[in-house]
Amino acid sequence: MITRFALFEGSVKPGKEAAFRAAVQERLVPLWTQFPGNTDVQVMFSDDRDEGAPEFPLILAISYKDIAGMEGALSSPFRQQSKDVTGEIVAEFFDGRIHHHVTQRNMFPA
């Protein structure tokens with residue numbers, strides 16, 4: 001199992017936090033959940049962080065069974081649509097950068 005993270009590093013423009021979250025939930029989540037081959041989509045909005053820690057107002061995690069599944073999703077029309085919509089949302093609400101990380105997912109029972 002692998003998880004691809006999109007880390008939105010930066011800040012939401014002042015006074016636009018609720019609108020940013022709504023735009024992500026209403027416009028992007030429906031696209032992300034349609035990425036072929038995903039096993040789950042997690043959308044995490046930051047509420048707090050350690051003093052001095054970088055700001056990540058949004059972290060997206062999409063998991064896949066394997067790299068081939070992820071690559072299929074990344075070449076799908078839903079991915080291109082999500083890139084276009086993300087660009088619109090970022091221009092209106094977000095100052096920062098987005099970077100992606102692919103990780104091996106390990107889960108352990110508590």
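Source: prediction; values computed, not measured.
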Apply the test side-chain contact (heavy atoms from CB on, under 4.5 Å) to residues V43 and V24: give CA-CA distance (whole Å), side-chain angles for both, the deciding distance (0.1 Å), then the verdict.
CA-CA 9 Å; V43 176; V24 168; 4.1 Å; yes
By salt bridge (charged side-chain N to carboxylate O under 4.0 Å, His left out) - contacts of E17 (at least two apart):
none
Apart from M107 itself, its cluster of hydrophobic side chains linked below 4.5 Å comprises none
Please report the interatomic distance CZ(F35) to OH(Y64), rounded to the nearest 0.5 Å.
5.5 Å
Report the residues that fulfil side-chain contact (heavy atoms from CB on, under 4.5 Å) with E26, sequence neighbours left out, ordered by chain and then residue number.
A22
CD (Q104) and CG (N106) are apart, to the nearest 0.5 Å, by 7.0 Å
Tell me which pairs pass side-chain hydrogen bond (donor to acceptor under 3.5 Å, both in side chains) where either residue lies in residues 47-58, with sequence neighbours left out.
R21-D47
Salt bridge (Lys or Arg N to Asp or Glu O under 4.0 Å) pairs touching residues 92-110, sequence neighbours excluded, are E9-R97, D40-R105
Taking every non-hydrogen atom, the tightest pair across G10 and P57:
O-CD, 3.4 Å
Check: W32 and F78 side chains under 4.5 Å, non-hydrogen atoms
no
All side-chain contact (heavy atoms from CB on, under 4.5 Å) counterparts of E88, not counting sequence neighbours
R27
Working for side-chain contact (heavy atoms from CB on, under 4.5 Å), residues T3 and I62:
CA-CA 5 Å; T3 301; I62 303 179; over 6 Å; no
Apart from F56 itself, which Ile, Leu, Val, Met, Phe, Trp or Tyr residues share its cluster (side-chain heavy atoms under 4.5 Å, direct or through members)?
F5, L7, M44, I59
Checking Q81 now: which residues fulfil side chain to side chain donor-acceptor pair (under 3.5 Å) with it, not counting sequence neighbours?
none
Pairs flagged by salt bridge (Lys or Arg N to Asp or Glu O under 4.0 Å) wherever residues 59-79 is involved - sequence neighbours left out:
none
Partners of F94 by ring pair (Phe, Tyr, Trp, His ring centres under 6.0 Å), sequence neighbours excluded?
F8
Within this structure, what is the CD-CG distance for the pair Q34 and L31, rounded to the nearest 0.5 Å?
6.5 Å
Say you draw a straight line from CD1 of I89 to CG of D84; how long is it, rounded to the nearest 0.5 Å?
11.5 Å
H100: what forms a ring pair (Phe, Tyr, Trp, His ring centres under 6.0 Å) with it, not counting sequence neighbours?
none
Given the rule in the side-chain contact (heavy atoms from CB on, under 4.5 Å) test, do T39 and M1 qualify, once you have shown the distances and angles that lead to the verdict?
CA-CA 9 Å; T39 60; M1 185 75 69; 3.6 Å; yes
